[in-house]
Amino acid sequence: RVYFLFFSLAGKSPYTLSTQALALGNQIFVLVAEDGYGESLMKIYPFTVSSALRKCCPVIVHNSFGVNTTVSLTAQLSMEIGAGNCTQQDGFSYVINWGDSASDSGSRTHVGVLNTYRRYSYAGVYTIQVAVCNNPANTVDLCCDSLLWPIEVALKT
């Protein structure tokens, strides 16, 4: 199994942690929350990543995801899909929910950069959700990496 931890801080972009990116062995996840008055709370979560937990899982490469909203009513999305612990030949499928009930999906036979765009009907704030999954022979081996990304789409004059 691959475990994902999703969390978001008020006013900040969401974060995703996948055990696929971690080395085998004992690991520690430390979560520190601080309020606006200097008080903080720390939680420590030890866990073990073993080879039994590994299966083919593509990943959205850290810091490669970006959305350009400089064109009127348009969001241009770009991200790099990494092999994770899959082979280059495994391929992957993707689903992009644009936050306005529209979605795009497709598949690729290789990892690399994925570029696409969405033209919105109305200006507003949307949350884009992206999932990148392996293409297993059975659903038991399904593994996905995903993220949420809030954007503001404006009507440019």
Side-chain angles (χ1 to χ4, degrees), residues 1-24 27-34 45 47 49 53-157:
R1 293 179 194 215
V2 177
Y3 297 94
F4 295 94
L5 173 67
F6 302 97
F7 60 97
S8 181
L9 305 174
K12 303 289 184 186
S13 297
Y15 299 90
T16 304
L17 171 69
S18 165
T19 58
Q20 288 296 323
L22 300 176
L24 298 178
Q27 302 287 337
I28 296 175
F29 177 75
V30 179
L31 178 63
V32 178
E34 186 174 308
Y45 301 95
F47 61 96
V49 178
L53 298 175
R54 302 290 180 142
K55 61 182 168 186
C56 172
C57 194
V59 295
I60 300 170
V61 176
H62 182 69
N63 288 335
S64 75
F65 188 88
V67 179
N68 181 341
T69 58
T70 58
V71 177
S72 183
L73 294 177
T74 303
Q76 298 170 312
L77 181 148
S78 179
M79 65 183 156
E80 183 178 352
I81 309 303
N85 65 332
C86 304
T87 67
Q88 294 288 333
Q89 293 79 32
D90 287 323
F92 64 92
S93 58
Y94 62 90
V95 176
I96 302 167
N97 291 312
W98 293 100
D100 65 346
S101 76
S103 64
D104 290 321
S105 61
S107 61
R108 295 269 184 96
T109 57
H110 60 282
V111 296
V113 175
L114 175 65
N115 293 304
T116 188
Y117 71 95
R118 168 82 180 136
R119 177 126 172 101
Y120 289 90
S121 298
Y122 304 99
V125 176
Y126 301 93
T127 299
I128 298 174
Q129 181 176 11
V130 178
V132 180
C133 303
N134 62 353
N135 295 318
N138 60 61
T139 57
V140 175
D141 293 324
L142 179 67
C143 182
C144 301
D145 192 9
S146 63
L147 62 79
L148 299 173
W149 195 271
I151 62 164
E152 183 172 356
V153 176
L155 176 63
K156 312 279 195 235
T157 56

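Numbers here simply count residues along the sequence, with the first being 1.
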K.L.:
Do you know the tightest heavy-atom contact between Val61 and Gly82?
P.N.:
CG2-N, 3.6 Å
K.L.:
How close do Ala131 and Ser146 get, counting heavy atoms only, and between which atoms?
P.N.:
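The answer is CA-CB, 3.9 Å.
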K.L.:
Between atom OH of Tyr126 and atom OG1 of Thr69, what is the distance when rounded to the nearest 0.5 Å?
P.N.:
12.0 Å
K.L.:
Under the side chain to side chain donor-acceptor pair (under 3.5 Å) rule, collect the residues that match up with Ser105, sequence neighbours excluded.
P.N.:
none
K.L.:
If you measure from CH2 on Trp98 to OG1 on Thr127, what distance do you get to the nearest 0.5 Å?
P.N.:
13.0 Å
K.L.:
What's the spacing between Leu155 CG and Tyr122 OH if we round to 0.5 Å?
P.N.:
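Between Leu155 CG and Tyr122 OH, I get 12.0 Å after rounding to 0.5 Å.
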K.L.:
Hey, what do you get for CG (Asn68) to CD1 (Ile151), rounding to the nearest 0.5 Å?
P.N.:
10.0 Å
K.L.:
Measure from NZ or CZ of Arg118 to the centre of the six-membered ring of Tyr120 and say whether it is under 6.0 Å with the direction within 45° of the ring axis.
P.N.:
yes
K.L.:
So do Leu73 and Ser121 actually touch side chain to side chain, heavy atoms under 4.5 Å?
P.N.:
no
K.L.:
Check whether any side-chain heavy atom of Phe65 lies under 4.5 Å from a side-chain heavy atom of Val130, and answer yes or no.
P.N.:
yes
K.L.:
Cys133-Cys143 sulfur separation below 2.5 Å?
P.N.:
no
K.L.:
Spell out, as yes or no, whether a donor-acceptor pair under 3.5 Å connects the side chain of Asn97 to the backbone of Gln129.
P.N.:
no
K.L.:
Run the side-chain contact (heavy atoms from CB on, under 4.5 Å) check on Trp149 and Leu77 step by step: do they pass?
P.N.:
CA-CA 10 Å; Trp149 195 271; Leu77 181 148; over 6 Å; no
K.L.:
With the side chain counted from C-beta on, respond yes when Leu114 and Arg108 share a heavy-atom pair under 4.5 Å apart, and no when they do not.
P.N.:
yes
K.L.:
About how many Å separate CE of Met79 and OH of Tyr94, when rounded to the nearest 0.5 Å?
P.N.:
8.0 Å
K.L.:
Any heavy-atom pair between the side chains of Asp100 and Val153 that's under 4.5 Å?
P.N.:
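No; the side chains remain at least 4.5 Å from each other.
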K.L.:
Kindly write out the residues that satisfy side chain to side chain donor-acceptor pair (under 3.5 Å) with Ser78, not counting sequence neighbours, or none if the list is empty.
P.N.:
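Side chain to side chain donor-acceptor pair (under 3.5 Å) check on Ser78 returns Asn115.
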K.L.:
Give, for atom CD1 of Ile60 and atom CG of Leu147, the distance between the pair rounded to the nearest 0.5 Å.
P.N.:
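Reported value, rounded in 0.5 Å steps: 4.0 Å.
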